[in-house]
There are 2 protein chains.
Amino acid sequence: MSDEQAAERFNQARAAQAMAVLEDYAEMIGDLIEEMGEARITDIAGRMGVTHPTATKAVARLKRAGLVISRPYRGVFLTEEGAALATRVRARHRTVVDLLVAVGVPPETAELDAEGIEHHVSDTTLEAFEAFMAKAPTADRG
Amino acid sequence: MSDEQAAERFNQARAAQAMAVLEDYAEMIGDLIEEMGEARITDIAGRMGVTHPTATKAVARLKRAGLVISRPYRGVFLTEEGAALATRVRARHRTVVDLLVAVGVPPETAELDAEGIEHHVSDTTLEAFEAFMAKAPTADRG
DNA sequence: ACATAAGTGTAGCCAGTGCTTTATTTGAGC
DNA sequence: GCTCAAATAAAGCACTGGCTACACTTATGT
């Protein structure tokens, strides 16, 4: 592999990582709205395991990215784009967990690892995962 | 899932990400030493797709982590710990790529996605991958 | 020895993502 | 309507990890 290709690979991985945080927040805000009708900064912070100021900053970035809207001292809400992203992320998360379980990873571990893995799964890979599971739903385990 | 569990998941993913950069650099420095006898800052930078100052900073962090040693204007070398990490990372990378290919991901895509995925694959999951491939080396494709 | 090019280091800037500390706003209870 | 607790915001710190610009070292060629 040439250095240029290697560099491209790393740059792509870095870009994916940058997106990952936004994806996590969008997904979680979607969850919170579904569960509690609205997403408050405090709830977001609690669930992400960070302090409120950190959550506030993250929301600011999400607003900048056009994924959410919010008004001071009011809840945070997903834009159409944000909601679409949240849905997509959630579906991908499920697929990754299912794939891991299908190849024999214990469910709890699959859930844990998927949190990091999912952000690096390309559309191509996701399709392959789905195709694989359609073909061998239980991976013929045992 | 409780908020605490969710937070723990995210914190774990964040910790994995912090380690990922060190792993990438250690692996690549190992590659360079193997290929060219030594790892120069410029080579590291070129292959990572970053500028030399960035590579220099990364090497400084690696030194702080005890993974490499270096003297000004001389090459960078892995410590025993760094070499062990590089070996481990390289093996894991291969396993992840192979697993992806085994479930039907195109090889080039597998290589690309593995770069990001590998850092989030726990030992448990890695073992499951190996067991899966031992059982179905070609995943019965086609 | 000296000039020059390549490699390396350093300084300073920016953005992201965490933190703590300190206002401010909101909303509930009196 | 005032007070107070909770929620939110704002500001400042630290570290990572990019960058550019500039200084310095090394190696090479004359």
Side-chain angles (χ1 to χ4, degrees), chain A residues 3 6-26 28-29 32 36-77 115-116 119, chain B residues 3 6-26 28-29 32-33 36-65 67-77 115-116 119:
Chain A
D3 280 16
E8 177 53 34
R9 249 194 327 150
F10 287 116
N11 279 316
Q12 185 163 326
R14 276 194 289 270
Q17 186 52 34
M19 194 62 205
V21 179
L22 295 184
E23 290 179 344
D24 279 343
Y25 275 97
M28 158 164 329
I29 289 169
L32 285 170
M36 344 221 314
E38 64 174 353
R40 310 304 301 258
I41 288 285
T42 300
D43 299 330
I44 295 169
R47 196 164 293 196
M48 287 297 290
V50 301
T51 55
H52 322 152
T54 299
T56 301
K57 274 200 198 176
V59 167
R61 281 195 298 277
L62 287 165
K63 285 178 77 166
R64 224 181 309 149
L67 298 174
V68 307
I69 51 176
S70 75
R71 290 190 352 264
Y73 299 100
R74 294 291 178 268
V76 177
F77 299 94
E115 190 60 55
H119 300 292
Chain B
D3 280 13
E8 178 52 36
R9 252 199 320 154
F10 286 115
N11 279 316
Q12 184 162 327
R14 275 193 290 269
Q17 186 52 36
M19 194 62 204
V21 178
L22 295 184
E23 290 179 343
D24 279 341
Y25 275 96
M28 157 166 328
I29 289 169
L32 285 170
I33 290 173
M36 341 221 314
E38 65 175 351
R40 310 304 300 258
I41 286 285
T42 300
D43 299 330
I44 296 169
R47 197 163 290 198
M48 287 296 292
V50 300
T51 54
H52 4 123
T54 299
T56 301
K57 274 199 199 177
V59 168
R61 282 194 296 278
L62 287 165
K63 284 178 78 167
R64 223 180 311 150
L67 298 174
V68 306
I69 52 175
S70 77
R71 290 189 354 262
Y73 298 100
R74 294 291 177 266
V76 177
F77 299 94
E115 191 59 55
H119 302 291

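Quantities reported herein were computed from a predicted structural model and do not represent experimental measurements. Each chain gets a letter, A, B and so on, in the order its sequence line appears, and its residues count up from 1.
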Rounded to whole angstrom units, what separation is found between the [atom1] atom of [X] and the [atom2] atom of [N]?
X: A/Glu38; N: D/dT8; atom1: CD; atom2: C1'; value: 13 Å
X: B/Asn11; N: C/dT17; atom1: CG; atom2: P; value: 15 Å
X: A/Asp43; N: D/dA6; atom1: CG; atom2: P; value: 15 Å
X: A/Met48; N: C/dC19; atom1: CE; atom2: P; value: 10 Å
X: B/Gln17; N: C/dG18; atom1: CD; atom2: P; value: 11 Å
X: B/Asp24; N: D/dG17; atom1: CG; atom2: P; value: 10 Å
X: A/Ile41; N: C/dC19; atom1: CD1; atom2: P; value: 14 Å
X: A/Phe10; N: D/dG18; atom1: CZ; atom2: C1'; value: 16 Å

So which nucleotide from [options] ends up closest to the side chain of [X]?
X: A/Arg14; options: C/dG18, D/dT25, D/dG18; value: D/dG18
X: A/Arg61; options: C/dG16, D/dT8, D/dT16; value: C/dG16
X: A/Tyr25; options: C/dG18, D/dT8, C/dG9; value: C/dG18
X: B/Arg74; options: D/dA27, D/dC24, C/dT26; value: D/dA27
X: A/Tyr73; options: D/dA9, D/dT25, C/dT17; value: D/dA9

Does A/Ala39 or B/Ala55 map to a spot on DNA chain D nearer the 5' end, using the closest nucleotide for each?
-> A/Ala39
Using the closest heavy atom to pick a nucleotide of DNA chain D for each, name whichever of A/Ser70 or B/Ala58 lands nearer the 5' end.
-> A/Ser70
Hey, is the main chain of B/Ala39 close enough, under 3.5 Å, to the side chain of B/Asp43 for a donor-acceptor pair?
-> no
Quick one: pull up [atom1] in [X] and [atom2] in [Y] and give me the separation to the nearest 0.5 Å.
X: A/Thr54; Y: A/Ile44; atom1: OG1; atom2: CD1; result: 12.5 Å
X: A/Thr51; Y: A/Ile41; atom1: OG1; atom2: CD1; result: 11.0 Å
X: B/Leu32; Y: B/Met28; atom1: CG; atom2: CE; result: 6.5 Å

Is any side-chain heavy atom of A/Leu67 less than 4.5 Å from a side-chain heavy atom of A/Ile29?
-> no
Check whether any side-chain heavy atom of A/Met48 lies under 4.5 Å from a side-chain heavy atom of B/Arg14, and answer yes or no.
-> yes
Have a look at B/Thr54 and say if it touches a base, only the backbone sugar-phosphate, or nothing, with a 4.0 Å heavy-atom cut-off.
-> base
Is A/Thr51 touching bases, backbone alone, or none of the nucleic acid, heavy atoms closer than 4.0 Å?
-> base
Dump the pairs, protein N or O against N or O of nucleotides 10-15 of chain C, anything under 3.5 Å, distances to one decimal.
none

Using distance only, find each side-chain donor-acceptor pair of residues 19-26 of chain B under 3.5 Å and give its atom names and separation, not counting sequence neighbours.
unit_1	atom_1	unit_2	atom_2	d
B/Glu23	OE1	B/Arg92	NH2	2.8
B/Glu23	OE1	B/His119	ND1	2.5
B/Asp24	OD1	B/His119	NE2	2.8
B/Asp24	OD2	B/His119	NE2	3.4

